[in-house]
Amino acid sequence: MRDEVDLVVPVKTLDRAKTRLTSATGGDPVSHAALALALAMDTVSAALATPGVRRVVTVTSDPAVAAEMAALGVEAIPEPAEPGLNEALMHGARALRSNRVGALQADLPALKPGELQAALEAAAGRRAFVPDRQGTGTTLLLAAPGGELDPRFGVGSAGHHRISGAIALFGPWPSLRCDVDTEEDLRLALTLGLGVHTANALPAWTT
């Protein structure tokens, strides 16, 4: 039987999300919110299409995000009272009650299902993580079957996850390692092939 994973994807309220990307939309708050939402929708859509991913839930308190995720067939769990990304991920993991859970960052607009599938297979049932392209952050964290997620996201999360015992996974997965925080990141994601939602949110970039 395939070792399937349930993924938690945290999504900030759109007014707080991706503040370093304001230049990509000319500083317009409506366009910026649309871009932040599009990044998450392309990430989740790719995860849903990945063999080995059984279920995806989002953790968000933004009603616009929750509504769009519901249209994709994805449950939105409100953020917990305790602030912070790691707290949100643990809250989502507890709600899933899954034998195996993972955390996927919501800013992977070029994510290819085949690359995510390859990373899941490379984990081979171990607690593992995929570093971002700079090697300091984390885009995917996987618990071992029956184990705790124990997320340690934040500055230098790759090192923190490694110290905590997680195995670093490296492979030819550029779309999985290309999280988008800056306009430079977004331009790189464009070369990898943006998902349809992000491409539609950036018509001037893709025409």
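Keep in mind it's a predicted model, so treat the numbers as computed, not measured.
- Linking ILVMFWY residues whenever their side-chain heavy atoms come closer than 4.5 Å, directly or via other members, places L111 and W173 in the same cluster.
- Residues E87 and P151 form no side-chain contact, since every pair of their non-hydrogen atoms from C-beta on lies 4.5 Å or further apart.
- Side-chain contact between M41 and M69 is present, with heavy atoms from C-beta onward closer than 4.5 Å.
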Margin query: Is there a side chain to side chain contact (heavy atoms under 4.5 Å, CB included) between D28 and T22? Walk through the geometry before answering.
Written below: CA-CA 7 Å; D28 174 56; T22 54; over 6 Å; no
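- When all heavy atoms of A95 and I77 are compared, the pair lying nearest together is CB-CD1, 3.5 Å.
- Within the 4.5 Å cutoff, no side-chain heavy atoms of R100 are placed close to those of D6.
- Proximity of T138 to D132: side-chain heavy atoms (C-beta onward) are nowhere separated by under 4.5 Å.
- Checked against L85 for a side-chain contact (heavy atoms from CB on, under 4.5 Å), the options R152, Q105, K12 give a single hit: Q105.
- Here the straight-line distance linking atom OG1 of T50 with atom CG of L7 works out to 8.0 Å at 0.5 Å rounding.
- Residues L89 and V59 are not in side-chain contact: their nearest non-hydrogen atoms beyond the backbone lie 4.5 Å or more apart.
- There is no path of hydrophobic side-chain contacts, each under 4.5 Å, that joins L169 to V101.
- Here CZ of R162 is found 9.5 Å from CD1 of I167. Values are rounded to the nearest 0.5 Å.
- For the residue pair T13/D62, the side-chain donor-acceptor check at 3.5 Å is not satisfied.
- Across every non-hydrogen atom of A24 and L35, the tightest pair is CB-CD2, 4.3 Å.
- Electrostatic pairing of E79 and R16 counts as a salt bridge here, judged by a charged N lying under 4.0 Å from a carboxylate O.
- Here the rule is side-chain contact (heavy atoms from CB on, under 4.5 Å) with V5, and of L140, L104, N99, L120 only L120 fits it.
- Note on ring orientation: taking the six-membered ring where Trp is involved, the planes of H161 and F153 are perpendicular (angle over 60°, cut-offs 30° and 60°).
- For the residue pair P80 and A88, the shortest heavy atom distance occurs at CD-CA, 3.9 Å.
- Side-chain contact between T58 and V44 is present, with heavy atoms from C-beta onward closer than 4.5 Å.
- Residues L202 and L188 are members of separate hydrophobic clusters, defined by side-chain heavy-atom contacts under 4.5 angstrom among Ile, Leu, Val, Met, Phe, Trp and Tyr.
- Hydrophobic clustering (side-chain heavy atoms under 4.5 Å, transitive across Ile, Leu, Val, Met, Phe, Trp, Tyr) groups L72 together with L37.
- Within the model, atoms CG of L192 and CG of L176 stand 11.5 Å from one another, a figure rounded to the nearest 0.5 Å.
- When side chains are defined from C-beta on, H32 does not count as touching D15, because their heavy atoms never get closer than 4.5 Å.
- Using a 4.5 Å cut-off on side-chain heavy atoms (C-beta onward), V180 and R20 make no contact.
- Side-chain contact of D42 with T198: a donor-acceptor pair under 3.5 Å is present, judged by distance alone.
- When all heavy atoms of G135 and A158 are compared, the pair lying nearest together is O-CB, 3.5 Å.
- In this structure, a donor-acceptor pair under 3.5 Å is present between the side chains of R127 and S164.
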Begin from the C-alpha positions of C178 and L108 and carry the test side chain to side chain contact (heavy atoms under 4.5 Å, CB included) through to its verdict. CA-CA 6 Å; C178 186; L108 301 165; 5.6 Å; no
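- Classification of R55 and E4 as a salt-bridged pair fails, no side-chain N sitting under 4.0 Å from a carboxylate O.
- Once rounded to the nearest 0.5 Å, the distance linking CG of L186 with CG of L39 reads 7.0 Å.
- With rounding to the nearest 0.5 angstrom, the NE2 atom of H160 is 10.5 Å from the OG1 atom of T136.
- In this structure, a donor-acceptor pair under 3.5 Å is present between the side chains of T182 and D185.
- Annotation: E184, atom CD; neighbour count of heavy atoms from other residues, nucleotides and ligands within 6.0 Å does not exceed 12.
- A donor-acceptor contact closer than 3.5 angstrom links the side chains of S175 and E115.
- Between K18 and D181, at least one side-chain N (NZ, or NE/NH1/NH2) sits under 4.0 Å from a carboxylate O, which counts as a salt bridge.
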Please lay out, stage by stage, how L96 and V8 fare under the test side chain to side chain contact (heavy atoms under 4.5 Å, CB included).
CA-CA 8 Å; L96 276 171; V8 181; 3.5 Å; yes
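- Here the closest heavy-atom approach between residue V57 and residue V74 is recorded as CA-CG1, 3.9 Å.
- Between G125 and P145, the closest heavy-atom pair is O-CD, 2.9 Å.
- Residue V9 is not grouped with residue M90 when hydrophobic side chains (ILVMFWY) are merged at heavy-atom distances under 4.5 angstrom, including chains of intermediate members.
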